[in-house]
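A short worksheet on the structure shown next.
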Amino acid sequence: MTRTLAIAKRILMELMRDKRTLAMMFLAPVLILTLLNYVFTLNTTPSVEIGTVRVEQVVTDSLKDTSHVHTKSYDSEDKAKSALKDKDIDAILTQTGTNQYQIRYGNTDASKTSMARQVINATFSKNKVEAMAKQNVVLATQAGQQPAATSSVSISEKYNYGDKNTTFFDTIMPIFMGFFVFMFVFLISGISLLKERTTGTLSRLLATPVRRSEIVYGYMLSYALVAILQTAVIVSFTITLLHVEVLGSISLLFLINILLAMVALALGLLVSTLAASEFQMIQFIPIVVVPQMIFSGIIPFDSMASWAQAIGDILPMKYAADAMNAVVLQGQGFSTIWGQIVALLIFLVVLTGANIFGLRRYRKV
């Protein structure tokens, strides 16, 4: 018993002297829980933008009277389709004839599609149709014409992405695809380099005339090959076996994920240089990985405060998710996502430079 207490006392004393570990144990959970509490207590009722083309005024007025619904009128269906592709609106309501309408959904957000469908159905419910019939009678009487016969409203549906069976999980699959690429590359690279450092392999390498940049590039090249293979497996599995529809270029999707994997690799190497032990490396995981998921776009950014959106602007996962959503859900090309590509390249260059600089603390000669 005495020896057990002595061992426990020694471990506690070592733990108390490790200020970084103590901070990670007590502050990291508080920080993560605070972020989660903030994100999941937001008002998540989606605000839907519906574009209208040649739609009767009574229908437009009914849509405007619905909470969380905004309408935009377009002169032509081509202009409305362009706005839908650019995500300026979430759906297009077009009147194709007397009591005949067509609704086209962007369907990149299943919750907004569901809400738009409910709003449209409510608008053309029995009471709304009766109101339209009464207005037709009034207008015809004022013009001295015979009122047109009122028939049931016919609504046809079309989708830019997927179909009526598309779920919320289908629309966020591009984000999950990138997130798992990021998470596993980050873990493998960080823990592997830390193991080499704690076993003395890195110290012996740094004792040679080899440059720090050559060490970093060597590690990144070797792990990059593994990361590319892992990316190919994840993307191929998602497309072929999970049957995720990709409207854009698959090669462009590969490029985005490979760039994200390289950024995760550089970030993993950097964090491993900051961690003093494998225990501390594990503690860094929630601090680095969880915010990537929270601010990747799974929770709509337009429902967050400006300071929360600013956090997403400094995380690589946000840019990768935006690019993948544009390619997978909207069919956009390189001309649309080049800004996100450049952002990922900037992250890669900065983190690689930080890794080279960070190795100075371990070079003894």
Gap between atom CE of M262 and atom CD1 of I258 - 0.5 Å precision
9.5 Å
Find out if a path of hydrophobic residues (ILVMFWY) with successive side-chain heavy-atom gaps under 4.5 Å connects L229 to F184.
no
Is I356 reachable from V349 through a run of hydrophobic residues whose side-chain heavy atoms are each under 4.5 Å from the next?
no
Between CG on residue D322 and CE on residue M317, distance to nearest 0.5 Å:
9.5 Å
4.5 Å side-chain heavy-atom contact, L252 and F334
yes
Can you give me the closest heavy-atom contact between S236 and T240, atom names plus distance?
O-OG1, 2.5 Å
For N257 and L253, which heavy atoms make the closest approach, and how far apart are they?
ND2-O, 2.9 Å
Atom CG of L265 and atom CG of L270: how far apart are they, to the nearest 0.5 Å?
11.5 Å
Taking every heavy atom of L260 against every heavy atom of G178, the minimum-distance pair comes out as CD2-O, 3.2 Å
With the 4.5 Å side-chain cut-off for hydrophobic clustering, are W338 and I250 part of the same group?
yes
Can you check whether L247 reaches L329 side chain to side chain, under 4.5 Å on heavy atoms?
no
Quick one: does D90's side chain have a donor or acceptor within less than 3.5 Å of a partner on K112's backbone?
no
To the closest 0.5 Å, what do you measure between CD1 (I175) and CE (M324)?
8.0 Å
Do P316 and F182 make a side-chain contact, defined as non-hydrogen atoms from C-beta onward lying under 4.5 Å apart?
yes
For the residue pair Q292 and F186, establish whether any side-chain heavy-atom pair is separated by less than 4.5 Å.
no
Passes side chain to side chain contact (heavy atoms under 4.5 Å, CB included), E77 versus Q102? Steps please.
CA-CA 11 Å; E77 193 169 1; Q102 179 188 93; 3.3 Å; yes
Is V181 reachable from V233 through a run of hydrophobic residues whose side-chain heavy atoms are each under 4.5 Å from the next?
no
Answer whether the closest heavy-atom distance between the side chains of I341 and Y319 falls below 4.5 Å.
no
I'd like to check M177 versus F237 (side-chain heavy atoms, cut-off strictly below 4.5 Å). Are they in contact?
no
Residues in side chain to side chain contact (heavy atoms under 4.5 Å, CB included) contact with D86, at least two apart in sequence or another chain
S82, D88, Q332
Nearest heavy-atom approach of A321 to S296 is CB-O, 3.1 Å
Could you go step by step and tell me if N107 and N160 meet the side chain to side chain contact (heavy atoms under 4.5 Å, CB included) rule?
CA-CA 7 Å; N107 208 27; N160 275 9; 6.0 Å; no
Reported CG-to-OG distance for the pair L93 and S73, which is rounded to 0.5 angstrom
11.0 Å
Y161 versus E245, side-chain donor and acceptor atoms under 3.5 Å
no
Should we say atom CZ of F254 is surrounded by more than 12 heavy atoms from elsewhere, each under 6.0 Å from it?
yes
For L84, the hydrophobic cluster (side chain heavy atoms closer than 4.5 Å, chained through members) also holds V53, Y74, I89, I92
CG on L348 to CG on L267, rounded to 0.5 Å:
11.0 Å
Before giving the answer on side chain to side chain contact (heavy atoms under 4.5 Å, CB included), spell out for L269 and L351 the whole-Å C-alpha distance, their side-chain angles and the decisive distance to 0.1 Å.
CA-CA 9 Å; L269 295 178; L351 290 172; over 6 Å; no
Hey, mind stepping through V48 and V119 against side chain to side chain contact (heavy atoms under 4.5 Å, CB included) and telling me if it holds?
CA-CA 10 Å; V48 179; V119 169; over 6 Å; no
Which heavy atom of A320 sits nearest to which heavy atom of I256, and what is that distance?
O-CG2, 3.8 Å
For S249 and V327, work out which heavy atoms get closest and say how close.
O-CG1, 3.5 Å
In plain terms, say whether R104 and E157 are close enough for a salt bridge, that is, a side-chain N and a carboxylate O under 4.0 Å apart.
no
If you define the side chain from C-beta out and look only at heavy atoms, does anything of Q95 sit under 4.5 Å from Q100?
no
Whether T52 side chain and V55 backbone form a donor-acceptor pair below 3.5 Å
no
Do the side chains of K318 and D313 get nearer than 4.5 Å, heavy atoms only?
yes
